[in-house]
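One structure below.
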Amino acid sequence: MAKLVLPAGLLVLALLGVPMLLMLRYSFNSFDPLYLMKEAFTFGNYARAVVDPYYQKILLTTVAVALASTLLTTLLAYGPAYWLARMEGRWKSKLTILTMFPLLVGGVVRSAGYMALLSSDGLINATLRGLGLITVPLQLLYTPGAVVFATVGIVLPYMILTLASVIESIPRQVEDAAANLGARPGTAFIRVLMPLSLPGVLAGSTLVFILCMNAYATPLLLGGPQFQMMAPAVYDQFARASNWPFGAALAFLLLVVTVALTTLGSSVIARRYKAG
Amino acid sequence: MKSLELVNIRKEYGDAVAVDDMNMTIRKGELVSLLGPSGCGKTTTLRMVAGFVAPSAGSVLIDGRDVTHRPPYERNTALVFQSYALFPHMSVAQNVAFGLEMRRMPRAEREAKSLEALRRVRLDHLAERYPRQLSGGQQQRVALARGLVLNPDVFLLDEPLSNLDAKLRAEVRSEIRGLQQALELTTLMVTHDQEEALTMSDGLVLMAGGRVRQSGSAQDLYERPADAFVADFVGRSNVLEGRVEGGSFRMKDGTALPGTAVPTARYYTLRPEKIALTSPDQGVPGTLREVLYLGAQTEYTVLLGTTPVTVIRATPGPDDTLARLRPGDPVGLRWNSADARLLDS
């Protein structure tokens with residue numbers, strides 16, 4: 001066994017770890033417009049990423065969009081996840097596959113789909129105009145709302161599937177017991193189902209939050225040129241500005257903030273439920 | 001305490017009839033067992049009383065009040081689930097207090113009441129534990145306490161002993177019966193175990209295929225089964241098929257059995273312990289096929305003609321002639337014809 005695990009482990013380490021370490025090293029290098037990257041050991045890139053109001057705003061937008069999307073995704077996913085988890089018979093597997101179906105199509109393609117839905121002559125505006133409800137098309141595309149909307153749509157399947165698998169592991173009799181003891185559906189949800197499905201909520205929202213923080217195509221396509229989030233900003237540094245050290249620093253800043261917020265979030269939610 | 005009444009209760013799932021026109025009454029403070037093989041509709045009936053399943057027709061009355069269309073949380077029933085269904089994220093005390101909390105009882109009062117209920121099941125010292133830290137038997141008692149603390153109108157037990165090992169089962173059986181009688185709880189118990197039903201109940205309702213086959217006391221069902229199914233299901237019985245010819249019952253293989261017979265009888269039923277084993281010249285002659293030593297008792301299989309008949313006797317002492325019987329020996333079977341039940345169906 002160990003003979004098989006060791007080379008595989010080394011391979012994973014090489015594929016994941018080495019590029020990360022390389023990037024970490026780059027983030028301490030300095031940038032020269034003529035020679036591009038120069039060997040150095042400076043915190044200047046990080047200092048700029050943190051202090052520059054332009055990048056502060058990008059980071060803030062990213063966190064806000066990710067938080068809003070995660071919250072909205074959790075709220076929207078709970079009902080379908082519960083329904084799927086408690087379903088029986090042949091429809092269950094069919095609907096599970098249907099839930100996974102959007103994941104077969106890449107995020108870029110789906111973002112393009114949301115563009116078609118939200119643009120000024122897109123489906124929504126065309127329908128509203130056809131019904132005579134509006135004369136001037138609504139500005140739906142290229143708004144923060146559009147980014148959140150599309151992000152939620154893209155990450156929703158992950159959340160539904162994660163939640164459903166955890167809810168499925170909660171015996172139905174436990175819910176029946178709550179009702180039998182006099183708990184109305186809302187109370188039973190808050191006192192029994194919610195705390196018992198908390199591991200699913202935490203796992204799902206952590207996964208979704210990470211996906212949202214690192215979203216690239218959606219903010220780019222649906223946010224428009226004025227809208228900035230971290231992943232496209234990192235790409236800009238590497239591809240357009242050719243400033244690898246600063247790009248690497250931005251990437252690590254994004255990583256640190258993501259890890260910090262998910263850890264904080266999990267512990268706060270877990271503690272609140274332990275206490276209550 | 002309140003009475004429970006089911007009036008013409010019926011439940012259909014698509015084309016399948018799970019419970020068919022069922023009637024039953026439990027008087028205040030009585031424990032009635034709903035007995036039957038799996039799939040007979042007993043659990044569906046219990047769930048209709050608790051409110052988890054809506055009847056297709058008929059009504060559920062608790063103390064004369066129609067609760068058929070009330071949701072589970074508006075009925076004052078307490079169901080002890082087969083799987084116990086304790087809340088894993090709450091302590092034992094919180095589990096027991098949950099129902100009182102739903103009834104908006106002040107904290108101090110509900111804590112005192114829960115502790116009292118836990119004391120009744122001798123678990124007050126484990127109040128701060130979590131369900132996963134308890135043994136199966138202890139979890140069962142927490143589930144009991146969680147129900148009885150509510151002083152429910154109707155106490156519902158779903159196969160309460162099925163998840164316990166044999167030794168514990170006898171103990172919990174008398175514990176449940178003791179609590180039920182002390183608190184005079186009107187109780188409906190569902191079980192497939194006839195021993196459980198016979199020993200614990202004031203009354204029994206035997207179901208099969210969604211219908212009530214017979215209801216009455218344990219003695220009624222055991223001594224006076226209404227049909228061959230009841231005779232076979234409650235206790236052990238020799239159910240011998242045949243028909244009445246010339247005033248006596250003749251089995252399919254032609255063997256005549258003693259006793260006057262109703263002309264319409266198709267089954268001759270006889271409890272194994274009512275049959276005496278004698279020499280072949282006394283009683284109905286047969287051949288011993290098998291001897292099974294069960295400790296206090298011995299079970300003999302005797303062929304009458306080609307039909308096997310089971311006889312259970314106290315294990316004979318070493319000097320007894322019965323002790324020398326070997327398979328293949330000719331024997332005689334004798335019984336009081338009053339002990340035989342001739343049934344039409």
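Between chain B and the options A:A183, A:A188, A:P171, the largest number of non-hydrogen pairs under 4.5 Å is found for A:A183. Considering only heavy-atom pairs separated by less than 4.5 Å from chain A, the leading option among B:L156, B:T77, B:L150 is B:T77.
The minimum heavy-atom distance linking B:A85 with A:A177 is given by the pair O-CB, 3.7 Å. For the residue pair A:L196 and B:H89, the shortest heavy atom distance occurs at CD2-ND1, 3.4 Å.
Around CZ of A:R184, the count of heavy atoms belonging to other residues, nucleotides or ligands within 6.0 Å does not exceed 12. No more than 12 heavy atoms of other residues, nucleotides or ligands sit less than 6.0 Å from atom CZ of B:R27. The local environment of NZ in A:K92 is crowded, with over 12 non-hydrogen atoms from other residues, nucleotides or ligands closer than 6.0 Å. Around the NZ atom of A:K57, the shell of radius 6.0 Å holds no more than 12 heavy atoms that belong to other residues, nucleotides or ligands. Residue B:R65 places its CZ atom among 12 or fewer non-hydrogen atoms of other residues, nucleotides or ligands, all under 6.0 Å distant. The environment of CZ in B:R120 is sparse: at most 12 heavy-atom neighbours from other residues, nucleotides or ligands sit within 6.0 Å.
Both the backbone and the side chain of A:A178 come within less than 4.5 Å of a heavy atom in chain B. Only the backbone of B:L86 has a heavy atom closer than 4.5 Å to any heavy atom of chain A. Only the side chain of B:E74 comes within contact range of chain A, judged by heavy atoms closer than 4.5 Å.
Taking 4.5 Å as the limit, some side-chain heavy atom of B:F87 sits within range of a side-chain heavy atom of A:L181. With a 4.5 Å cut-off on side-chain heavy atoms, B:F98 and A:R191 count as touching.
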Kindly list each side-chain donor-acceptor pair under 3.5 angstrom involving residues 46-58 of chain B, sequence neighbours excluded, with atom names and distances?
residue, atom, partner, partner atom, Å
B:R47, NH2, A:D176, OD2, 3.2
B:S56, OG, B:E12, N, 2.8

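Residues of residues 145-161 of chain A lying within less than 4.5 angstrom of chain B, judged on heavy atoms, are absent.
With values rounded to the nearest 0.5 angstrom, A:N180 atom CG is found 13.0 Å from B:Y73 atom OH.
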